[in-house]
Amino acid sequence: MHRISSFLLLALLSIVLLGFPGSARAAGVIYDIGGTWDSTFGPMTLKMDGKDDAGEVVVTGTWQNGENQGQIVYGRLNPNKGSGLLSLEYYMPWRKMYGFAEMAVKPAENKIVGRYFEAGQSGDWTLTRKTGQLALLRGELPHARGPLTKRGSKNFQVLGKWDSTFGEVNLEGTTLGAVIGFKGTFKRQDGKLGQIKKGSFMKNPSGGFMKLEYFAPWNKTSGEAIFRPDTHVGGDMLVGSYTEGSQSGVWILSRPLAYKLSQK
């Protein structure tokens with residue numbers, strides 16, 4: 001009896017530690033999402049570049065939106081969440097804006113299904129396998145050397161050049177502890193130059209808070225604007241609003257893609 005009980009105890013411990021038969025093999029399986037997909041916003045091509053240090057798959061790619069091409073600037077496939085959870089930060093050069101998407105791999109449906117988030121707006125985004133059936137990856141992926149793509153961070157430098165709703169913005173200033181004071185300019189597409197008379201950026205746990213005062217010489221009007229880092233892409237994009245006399249509206253600042261890629 002003692003020997004049988006010890007054997008049963010060891011068997012039970014094995015089940016607790018390793019899971020039921022087959023579960024250890026099923027955990028962390030990777031579906032091959034590389035290739036071309038039809039999607040809600042145009043055909044998308046994905047590439048699996050290897051595994052990062054955390055064991056997630058580095059994903060890169062582009063999609064065609066009419067005559068415009070969007071680019072994935074951060075992509076990770078987590079094989080330990082369901083059949084795989086795909087997280088993407090992407091850049092839209094025709095809008096000079098970033099966005100973020102989170103999608104679940106659905107092998108039985110031959111789809112990747114989720115939502116996108118762009119400056120407070122969101123919606124559904126579905127990818128459907130263009131040809132063939134979504135299948136498990138064959139072979140091992142190599143280790144990805146270094147961050148092939150990098151997600152926007154809450155810890156970022158606010159000074160420098162930005163693209164924006166109203167043209168290129170350039171901020172110059174000095175750092176005083178948690179507060180950054182600055183001045184600058186914003187250049188409209190018609191070449192007219194607005195003046196940022198003064199501004200400040202205060203860092204906080206959620207990223208920061210920016211406020212500035214400006215002057216528009218083309219209509220001799222002063223205004224002010226406030227900005228916060230985007231919830232999903234951090235310091236890659238600051239979302240704000242301006243007030244100019246009786247007018248108000250949205251003002252979005254985005255880091256130029258070349259700047260972001262240089263920060264890898």
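This structure is a prediction, so every number in the text was calculated from the model and none was measured. Residues take their numbers from the sequence shown, with the count starting at 1.
Two residues are said to be in side-chain contact when any heavy atoms from C-beta on lie closer than 4.5 Å; R151 and R76 fail this criterion. Contact check for Q64 versus Q69: side-chain heavy atoms found under the 4.5 Å cut-off. With contacts defined as side-chain heavy-atom distances shorter than 4.5 Å, the pair N65/M92 does not qualify. Within the 4.5 Å cutoff, the side chain of Q157 has heavy atoms near those of the I180 side chain. Looking only at side-chain heavy atoms (C-beta outward), M48 and I30 come within less than 4.5 Å of each other. Two residues are said to be in side-chain contact when any heavy atoms from C-beta on lie closer than 4.5 Å; R138 and D32 fail this criterion. Put simply, the side chain of L46 reaches to within 4.5 Å of the side chain of L127, judged on heavy atoms. Residues D124 and T40 are not in side-chain contact: their nearest non-hydrogen atoms beyond the backbone lie 4.5 Å or more apart.
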Full working for side-chain contact (heavy atoms from CB on, under 4.5 Å) between I33 and L134: CA-CA 7 Å; I33 65 170; L134 183 59; 4.3 Å; yes
Test side-chain contact (heavy atoms from CB on, under 4.5 Å) on V169 and I196 and set out the steps. CA-CA 9 Å; V169 173; I196 297 174; 4.0 Å; yes
Report the C-alpha separation of K220 and F215 in whole Å, then their side-chain angles, then the decisive distance to 0.1 Å, and conclude whether the side-chain contact (heavy atoms from CB on, under 4.5 Å) test is met. CA-CA 7 Å; K220 297 181 180 180; F215 177 71; 4.3 Å; yes
Mind running side-chain contact (heavy atoms from CB on, under 4.5 Å) on R95 and I252 for me, showing each step along the way? CA-CA 10 Å; R95 299 177 64 191; I252 297 175; over 6 Å; no
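At least one cation-pi condition fails for R255 and Y98: the charged atom is not both under 6.0 angstrom from the six-membered ring centre and inside a 45 degree cone around its axis.
With rounding to the nearest 0.5 Å, the separation of CD in Q195 from NZ in K183 is 10.5 Å. To the nearest 0.5 Å, atoms CG (L193) and CZ (F186) are separated by 8.0 Å. Atoms OG and NZ, on S222 and K197 in that order, are 8.0 Å from each other to the nearest 0.5 Å. In this structure, CD in E109 is found 15.0 Å from CZ in R129, a value given to the nearest 0.5 Å. Taking OG of S200 as the reference point, atom CD of E213 lies at 9.0 Å (rounded to 0.5 Å). How far CG of L253 is from CG of L171: 7.0 Å, rounded to the nearest 0.5 Å.
By the side chain to side chain contact (heavy atoms under 4.5 Å, CB included) test, S122 pairs with R115, F117, sequence neighbours left out. For the side chain to side chain contact (heavy atoms under 4.5 Å, CB included) test, no residue two or more places apart in sequence or in another chain qualifies with K154. For the side chain to side chain contact (heavy atoms under 4.5 Å, CB included) test, residues two or more places apart in sequence or in another chain that qualify with D38 are K130. For D190, the side chain to side chain contact (heavy atoms under 4.5 Å, CB included) criterion is met by R188, K192, not counting sequence neighbours.
Residue Q133 qualifies as enclosed at atom CD: its count of foreign heavy atoms under 6.0 Å is above 12.
Contacts classified as ring pair (Phe, Tyr, Trp, His ring centres under 6.0 Å) and involving residues 60-89 (residues at least two apart or in different chains) are given here: W63-Y90, W63-W125.
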Enumerate donor-acceptor pairs with a distance under 3.5 Å from any side-chain N or O in residues 234-242 to protein atoms, sequence neighbours excluded.
| residue | atom | partner | partner atom | Å |
| --- | --- | --- | --- | --- |
| D236 | OD2 | K260 | NZ | 2.9 |

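Scanning all heavy atoms of the two residues, the minimum distance from L212 to F227 falls at CD2-CE1, 3.7 Å. Closest approach of P229 to S206, counting heavy atoms only: CG-O, 4.5 Å. In terms of heavy atoms, S83 sits closest to Y31 at O-CD1, 3.4 Å. Scanning both residues, I112 and M103, for their nearest heavy atoms gives CG2-CB, 3.4 Å. When all heavy atoms of Y91 and V73 are compared, the pair lying nearest together is CB-CG1, 4.1 Å. The shortest non-hydrogen separation linking N80 to N78 is N-OD1, 2.9 Å.
Under a hydrophobic-cluster definition in which Ile, Leu, Val, Met, Phe, Trp and Tyr are linked whenever side-chain heavy atoms come within less than 4.5 Å, directly or via other members, V233 and W251 are assigned to different clusters. At a threshold of 4.5 Å between side-chain heavy atoms, the hydrophobic network of Ile, Leu, Val, Met, Phe, Trp and Tyr places M202 and F182 in two separate groups. Transitive grouping of hydrophobic side chains (ILVMFWY, heavy atoms separated by less than 4.5 Å) keeps V179 and V158 in distinct clusters. A single hydrophobic cluster is seen to contain both M44 and W94, as judged by linkage of ILVMFWY side chains at heavy-atom distances under 4.5 Å, directly or through other members. If you chain together hydrophobic residues whose side chains sit under 4.5 Å apart, W218 and F166 fall into the same group.
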